[in-house]
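Heads up: numbering here begins at 1 and tracks the sequence.
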Amino acid sequence: MSKSIFVWIKSIKFSANLPTANCEFIASNNLINAITSAEIARNCQVDYGLAQIMVSHDYHGNTVICTIKIVPTKCTEQKYSQMVSLVNELKESLVGRFLRLLSLVTIDELQPFAEFILNKEDILKLFMSSEASFRHHHCYKSGLFEHSIEVAEMTYQNAKHLGHSEIECQIGLVAALFHDIGKIYPALNMNNNKYCAGPHESYAFALLAKPLGELGTLNSRFFSMLSDLLAVKPYGHKARYAIEHILKQADRTSAESNFAKTQFNTLPPHYYFTKVDGNLIYRLNGL
């Protein structure tokens with residue numbers, strides 16, 4: 001069975017006599033040798049860097065690459081390796097998904113946000129390793145990172161599907177990716193490594209002050225929209241931008257889905273319902 005994984009390609013070398021190519025890549029901090037067709041190798045046009053690949057195994061046990069899709073990134077191999085080490089081995093794909101999201105930010109005025117998160121090592125480390133909540137959703141190591149990626153992916157994909165402009169899609173992606181980054185502020189500035197409830201929307205503006213300031217100088221309309229999406233919403237707030245509804249729904253979907261799934265973590269696979277605070281939660285867990 002083929003599966004999709006993110007890897008760091010070290011090299012691709014074409015066979016002299018066969019229509020094949022040998023590929024070396026790093027996955028789970030292991031150097032792996034694989035074979036692929038010369039056509040697939042030629043079509044990827046790059047022989048080094050981050051890629052999303054489909055892999056399977058032949059009857060001899062060799063690793064076979066079925067597809068290669070390069071992910072453009074300013075991240076170095078060393079930085080990628082450091083980022084992978086910050087997440088649980090089962091969550092390694094989060095790093096590739098995160099860098100793929102940053103690669104979708106192509107509008108010049110929004111580039112400072114991608115550069116900010118990759119270059120601020122103390123912020124990146126906490127963003128990748130912190131919990132998203134105390135006892136509700138994604139309340140485990142790297143939960144904040146996972147939740148942020150889920151919300152950004154859904155916001156961007158749904159906005160594209162619904163026909164929003166490219167600038168709205170990219171601003172929505174940036175807002176979604178950083179909508180909860182303020183939750184690391186206490187750990188960053190108050191020497192408190194435990195999750196601490198607080199006005200994280202306000203804290204987000206403090207952490208993002210530099211890229212937001214640059215955006216305000218470059219394009220006031222982009223700045224106004226992004227700031228509006230990041231700001232705390234008072235009771236009775238009426239959305240000014242249609243994409244706000246998409247982001248809000250993505251945020252809620254990620255949180256509630258994770259909360260529901262984690263209620264079954266300690267239960268046997270055949271359990272199809274559980275009770276939480278007097279409410280029943282059901283699931284279908286395979287046939």
Side-chain angles (χ1 to χ4, degrees), residues 50 71-76 78-80 82-83 86-87 94-95 97-132 142-149 151-153 155-156 159 166-193 195-233 240-241 243-244 247 250-251:
L50 181 64
V71 179
T73 179
K74 295 180 180 178
C75 181
T76 64
Q78 181 181 12
K79 170 76 78 173
Y80 178 76
Q82 291 171 348
M83 292 172 70
L86 289 173
V87 296
L94 290 175
V95 178
R97 289 165 63 187
F98 173 66
L99 293 173
R100 180 177 59 190
L101 283 167
L102 292 184
S103 76
L104 297 174
V105 181
T106 58
I107 294 172
D108 289 344
E109 291 91 334
L110 298 177
Q111 289 301 307
F113 291 91
E115 295 167 3
F116 156 80
I117 195 62
L118 286 178
N119 294 331
K120 289 285 187 179
E121 291 191 11
D122 52 346
I123 292 176
L124 179 62
K125 183 177 180 179
L126 284 170
F127 182 54
M128 293 185 63
S129 59
S130 298
E131 301 176 355
S142 298
L144 175 62
F145 191 50
E146 183 176 15
H147 171 62
S148 301
I149 290 168
V151 178
E153 287 175 340
T155 298
Y156 182 80
E166 185 60 28
I167 182 57
E168 286 198 345
C169 291
Q170 292 194 31
I171 289 178
L173 186 160
V174 171
L177 196 57
F178 298 123
H179 77 286
D180 273 347
I181 197 171
K183 290 182 177 181
I184 71 171
Y185 189 84
L188 189 66
N189 294 284
M190 303 175 189
N191 297 319
N192 183 355
N193 291 324
Y195 177 83
C196 181
H200 65 269
E201 295 93 348
S202 299
Y203 292 156
F205 280 90
L207 292 176
L208 298 172
K210 187 175 186 298
L212 278 171
E214 292 181 42
L215 180 60
T217 301
L218 294 169
N219 193 308
S220 60
R221 292 176 67 187
F222 292 2
F223 171 81
S224 178
M225 181 179 186
L226 181 57
S227 298
D228 194 273
L229 294 178
L230 289 170
V232 62
K233 305 301 187 295
R240 294 175 59 202
Y241 301 95
I243 201 168
E244 183 181 325
L247 194 161
D251 186 18

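Separation of atoms CE (M225) and CG (D228) is listed at 8.5 Å; rounding is to 0.5 Å. Taken to the nearest 0.5 Å, the CD1 atom of I107 stands 10.5 Å off from the CG atom of L215. Put simply, CD1 on I171 and CD1 on I243 are 8.0 Å apart, with the number rounded to the nearest 0.5 Å. How far NE2 of H179 is from CG of L229: 11.5 Å, rounded to the nearest 0.5 Å. In this structure, the separation between CG on L50 and CG on L99 is 5.5 Å, given to the nearest 0.5 Å. Between the CZ atom of F145 and the CD atom of E131 there is a distance of 16.0 Å, given to the nearest 0.5 Å.
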- [ ] Show the numbers, then the answer: is there a side chain to side chain contact (heavy atoms under 4.5 Å, CB included) between L94 and R97?
- [x] CA-CA 5 Å; L94 290 175; R97 289 165 63 187; 3.7 Å; yes

- [ ] Check the pair I123, L188 against side chain to side chain contact (heavy atoms under 4.5 Å, CB included), reporting the backbone distance first and the verdict last.
- [x] CA-CA 7 Å; I123 292 176; L188 189 66; 3.8 Å; yes

TODO: Decide yes or no on side chain to side chain contact (heavy atoms under 4.5 Å, CB included) for D251 and H147, but give the supporting numbers first.
DONE: CA-CA 8 Å; D251 186 18; H147 171 62; 2.9 Å; yes

Open item on the list: Could you go through E166 and Q170, starting from their C-alpha distance and side-chain angles, then the distance that decides it, and tell me whether this counts as side-chain hydrogen bond (donor to acceptor under 3.5 Å, both in side chains)?
Closed with: CA-CA 6 Å; E166 185 60 28; Q170 292 194 31; 2.8 Å; yes

- [ ] In sequence, state the C-alpha distance, the side-chain angles, and the governing distance for E109 and I167, and then conclude on side chain to side chain contact (heavy atoms under 4.5 Å, CB included).
- [x] CA-CA 10 Å; E109 291 91 334; I167 182 57; over 6 Å; no

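For S103 against T106, the heavy-atom pair with the smallest separation is O-CG2, 3.6 Å. In this structure, G182 and P186 approach most closely via the heavy-atom pair O-CD, 3.9 Å. Here the shortest heavy-atom pairing between L173 and A152 reads O-CB, 3.9 Å. Residues Y156 and C169 come closest through the heavy atom pair CD1-O, 3.5 Å. Closest heavy-atom contact between I181 and A204: CG2-CB, 4.0 Å.
Below 30°, between 30° and 60°, or above 60°: for F178 and F127 the angle between ring planes is between 30° and 60°, a tilted geometry.
Within 6.0 Å of the NZ atom in K125, the count of heavy atoms belonging to other residues, nucleotides or ligands does not exceed 12. More than 12 heavy atoms of other residues, nucleotides or ligands sit less than 6.0 Å from atom OH of Y80.
Counting heavy atoms from C-beta on, the side chains of F98 and M83 come closer than 4.5 Å. K79 is listed as a side-chain neighbour of E121, based on a closest heavy-atom distance under 4.5 Å. At least one side-chain heavy atom of F113 sits under 4.5 Å from a side-chain heavy atom of L212. The shortest distance between side-chain heavy atoms of F223 and S227 falls below 4.5 Å.
Of the options L207, L124, L177, L208, a side-chain contact (heavy atoms from CB on, under 4.5 Å) to I117 is made by L124 and by none of the others. Exactly one of T155, V151, I149 qualifies for a side-chain contact (heavy atoms from CB on, under 4.5 Å) with E153. That residue is I149.
Judged by distance alone, the side chain of K183 and the main-chain N or O of L144 form no donor-acceptor pair under 3.5 Å. Panel note: side chain S224, backbone R221; no donor-acceptor pair is recorded below 3.5 Å. Within the 3.5 Å criterion, the main-chain N or O of V105 finds a donor-acceptor partner in the side chain of Q111.
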